[in-house]
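The block underneath contains the structure these notes are about, expressed in structure tokens.
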Protein chains: 2
Amino acid sequence: MKTQSAVVERLLKYRDVMQKMKGLGFVRVFSDNLADAVGVSPSLVRKDFSIFGLTGNKRGGYQIEELIVRLNVILGKDRKQKIIIIGCGKMGRALMSYNGFPRVGIRVAAGFDSDPAILDEAAPIPILHISKIKDFITEKEIQVAILAVPESSAQSIIDSLKKTCIKGVINFAPVSLRSSDNFLIQSINVEQEIENIFYQIHFAEGATPVAEDVL
Amino acid sequence: MKTQSAVVERLLKYRDVMQKMKGLGFVRVFSDNLADAVGVSPSLVRKDFSIFGLTGNKRGGYQIEELIVRLNVILGKDRKQKIIIIGCGKMGRALMSYNGFPRVGIRVAAGFDSDPAILDEAAPIPILHISKIKDFITEKEIQVAILAVPESSAQSIIDSLKKTCIKGVINFAPVSLRSSDNFLIQSINVEQEIENIFYQIHFAEGATPVAEDVL
DNA sequence: TCCTTTTTGTTATTTAATTCACATGTTTTT
DNA sequence: AAAAACATGTGAATTAAATAACAAAAAGGA
Ligand SMILES: NC(=O)c1ccc[n+]([C@@H]2O[C@H](COP(=O)([O-])OP(=O)(O)OC[C@H]3O[C@@H](n4cnc5c(N)ncnc54)[C@H](O)[C@@H]3O)[C@@H](O)[C@H]2O)c1
Ligand SMILES: NC(=O)c1ccc[n+]([C@@H]2O[C@H](COP(=O)([O-])OP(=O)(O)OC[C@H]3O[C@@H](n4cnc5c(N)ncnc54)[C@H](O)[C@@H]3O)[C@@H](O)[C@H]2O)c1
């Protein structure tokens with residue numbers, strides 16, 4: 001039931017690169033070019049394309065224009081991608097005004113918070129009270145939410161979202177929330193990424209992580 | 001030269017879970033418990049531990065207290081983890097005041113920006129002009145930075161950081177920056193995560209991604 | 001026209017990651 | 001004290017992912 005995230009992430013990167021190439025006036029691209037730009041091997045690029053039935057021309061590479069269109073269909077960019085943001089604190093507000101979303105066709109329909117002091121129903125992207133979230137989701141048919149509430153509220157909000165038509169959540173709280181077949185949760189844990197980097201650095205400097213290194 | 005990120009990320013999660021269990025008064029934990037909490041199989045937990053020489057007791061499971069200590073050594077949490085934040089716009093400022101960092105022993109030493117209007121040298125976590133970054137990094141021996149500048153500045157800042165003692169960067173700009181052996185870059189691309197979720201949802205709803213499905 | 005070059009698309013191979021399976025040491029029960 | 005119940009630790013087996021290899025198609029000369 002689960003389609004490989006890794007392949008899809010690469011498709012998104014290929015498309016991104018091609019979009020930029022198109023902007024520079026390029027018309028065709030080779031698997032080598034995409035491989036270099038994205039940091040993978042050319043054969044992986046071709047295999048990824050092959051999985052999704054994306055084809056090019058023997059020798060002439062791939063037509064950028066055409067490939068972007070076909071990728072967009074595969075990636076669902078021909079539909080409107082509406083999201084809501086739950087928790088409009090520092091992180092939530094940064095996300096609400098993030099210009100990277102409209103740029104790729106993602107529209108923030110509203111923010112939600114429990115603190116009455118920060119509500120703003122009249123703003124272009126309104127901040128509504130959390131009690132209105134269920135009706136809003138149903139009415140606007142929202143399928144994806146970003147969760148930017150404190151750790152302590154995260155699980156209970158997830159539980160209530162499961163009763164709505166929300167099908168996927170990006171979670172910024174540093175808790176591990178389990179996702180299931182029909183309810184996807186993708187957590188972004190900044191502190192964990194940093195700790196990981198520190199580990200890699202320390203290890204690269206000569207620390208011995210594994211016992212068998214000694215043998 | 002590259003130690004598997006995936007294993008380390010799981011170690012970080014195991015430690016996190018154990019920290020919480022410890023707070024609840026637990027003394028020992030079984031691979032099954034950690035597996036459930038983190039969402040992996042029990043044998044993977046044991047194998048991960050085995051790789052790093054972490055052992056428990058044949059029946060009694062693992063001593064939480066002791067295992068956290070040993071994990072912290074492996075993960076380098078016995079050293080101070082100082083970082084800087086480059087680009088103090090909406091995202092950068094959210095990160096500067098993020099309480100999740102001190103909670104796990106990460107200290108933000110300073111922020112840097114090119115806009116004179118937002119500098120604040122006197123704050124507890126100062127915001128300094130970008131021109132001072134090289135000296136600061138050298139003097140304070142900073143090894144890790146978070147990059148939260150616009151896409152257009154990201155690559156040139158990376159280039160200049162490579163000439164300092166910075167060894168790892170978390171990048172929030174939606175550009176693919178290539179990391180090398182002695183300079184790690186971990187990109188966090190929120191819009192890409194969202195696009196991926198939309199794809200997964202759409203696919204789960206019955207879209208046919210692969211040509212061979214028809215056969 | 002035919003030969004050479006180039007680049008795809010796909011099959012085979014290799015490498016990596018995860019799960020299985022079970023012998024082994026520990027505790028609990030009878 | 002023996003038997004039963006349990007959970008670890010690790011090699012073997014499996015599954016998944018990435019790379020390598022190459023035949024076949026297209027383009028550009030000679
Ligand atoms: N600030 C950062 O840079 C940063 C970085 C990474 C992760 N995070 C995570 O993102 C989340 C938010 O962080 P923040 O710094 O914006 O915190 P914040 O305290 O600034 O904002 C949290 C917001 O959530 C609201 N809230 C609390 N309970 C709620 C509920 N039940 N329903 C609706 N809204 C509710 C609060 O009113 C507040 O506005 C936290 O889980 C944090 O760990 C933050
Ligand atoms: N805002 C978000 O929620 C969000 C989410 C995901 C990713 N991002 C990414 O994070 C980055 C920052 O986003 P933002 O919303 O905070 O933008 P912003 O415009 O609010 O902040 C950017 C800051 O970088 C500073 N800056 C520009 N060039 C600089 C340079 N050469 N040296 C030092 N500082 C420089 C600017 O003065 C500004 O303060 C962008 O790449 C954006 O795509 C932002």
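What you see below is based on every heavy atom in this structure, not just the backbone, and it leaves out hydrogens, waters and symmetry mates. Proteins come first, then strands; the chains are lettered A, B, ... in the order of their sequence lines, and each starts at number 1.
Of the side-chain N and O atoms in B:S43, none sit less than 4.0 angstrom from OP1 or OP2 of C:dC20. For A:S50 and C:dG9, the shortest distance from a side-chain N or O to OP1 or OP2 is not below 4.0 Å. OP1 or OP2 of D:dA18 sits under 4.0 Å from a side-chain N or O of A:R10. Distances shown here put a side-chain N or O of A:S31 below 4.0 Å from the OP1 or OP2 atom of C:dT8. Between A:S41 and the phosphate of D:dA18, there is no side-chain N or O to OP1/OP2 separation shorter than 4.0 Å.
A donor-acceptor contact under 3.5 Å is formed by the side chain of B:R59 with the base of C:dT27. Contact annotation: side chain of A:R46 to base of C:dG9, donor-acceptor pair present below 3.5 Å. The base of D:dT10 is not paired with the side chain of B:K47 by any donor and acceptor separated by under 3.5 Å.
Residues A:N33 and A:F26 fail the side-chain proximity criterion, which asks for heavy atoms closer than 4.5 Å. Side-chain contact between B:I86 and B:I157: present, with at least one pair of heavy atoms (C-beta onward) separated by less than 4.5 Å. A heavy-atom distance below 4.5 Å is found between the side chains of A:I137 and A:L161.
Rounded to whole Å, the distance from CZ on A:R28 to C1' on C:dT8 is 12 Å. Taking atom CG of A:D36 as the reference point, atom P of C:dT7 lies 13 Å away to the nearest angstrom. Rounding to whole angstrom units, CZ of residue B:F52 and P of D:dT8 are separated by 19 Å. Rounding to whole angstrom units, CZ of residue B:F30 and P of D:dT8 are separated by 7 Å. A straight line from CD1 of B:I51 to P of C:dT19 spans 13 Å, rounded to a whole angstrom. Remark: C1' of D:dG9 and CG of B:D32 are 14 Å apart, rounded to the nearest angstrom. Rounding to whole angstrom units, CG of residue A:D48 and P of D:dA18 are separated by 8 Å. The distance between atom CG of A:L44 and atom P of C:dA12, rounded to the nearest whole Å, is 19 Å.
Using a 4.0 Å cut-off between charged side-chain N and carboxylate O, A:K20 and B:E151 make a salt bridge.
The residue among A:V7 and A:N57 whose nearest nucleotide of DNA chain D lies closer to the 5′ end is A:V7.
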Could you pull out all donor-acceptor pairs under 3.5 Å where a side-chain atom in residues 172-179 of chain A meets a protein atom, sequence neighbours excluded?
residue : atom : partner : partner atom : Å
A:S176  : OG   : B:A37   : O            : 3.2
A:R178  : NH1  : B:D36   : O            : 2.7
A:R178  : NH2  : B:A37   : O            : 2.4

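Out of C:dT7, D:dT8, D:dT19, the shortest distance to the side chain of A:K58 is found at C:dT7.
Residue-level contact check: A:Y62 touches the backbone only, with heavy atoms under 4.0 Å from sugar-phosphate atoms and none from bases.
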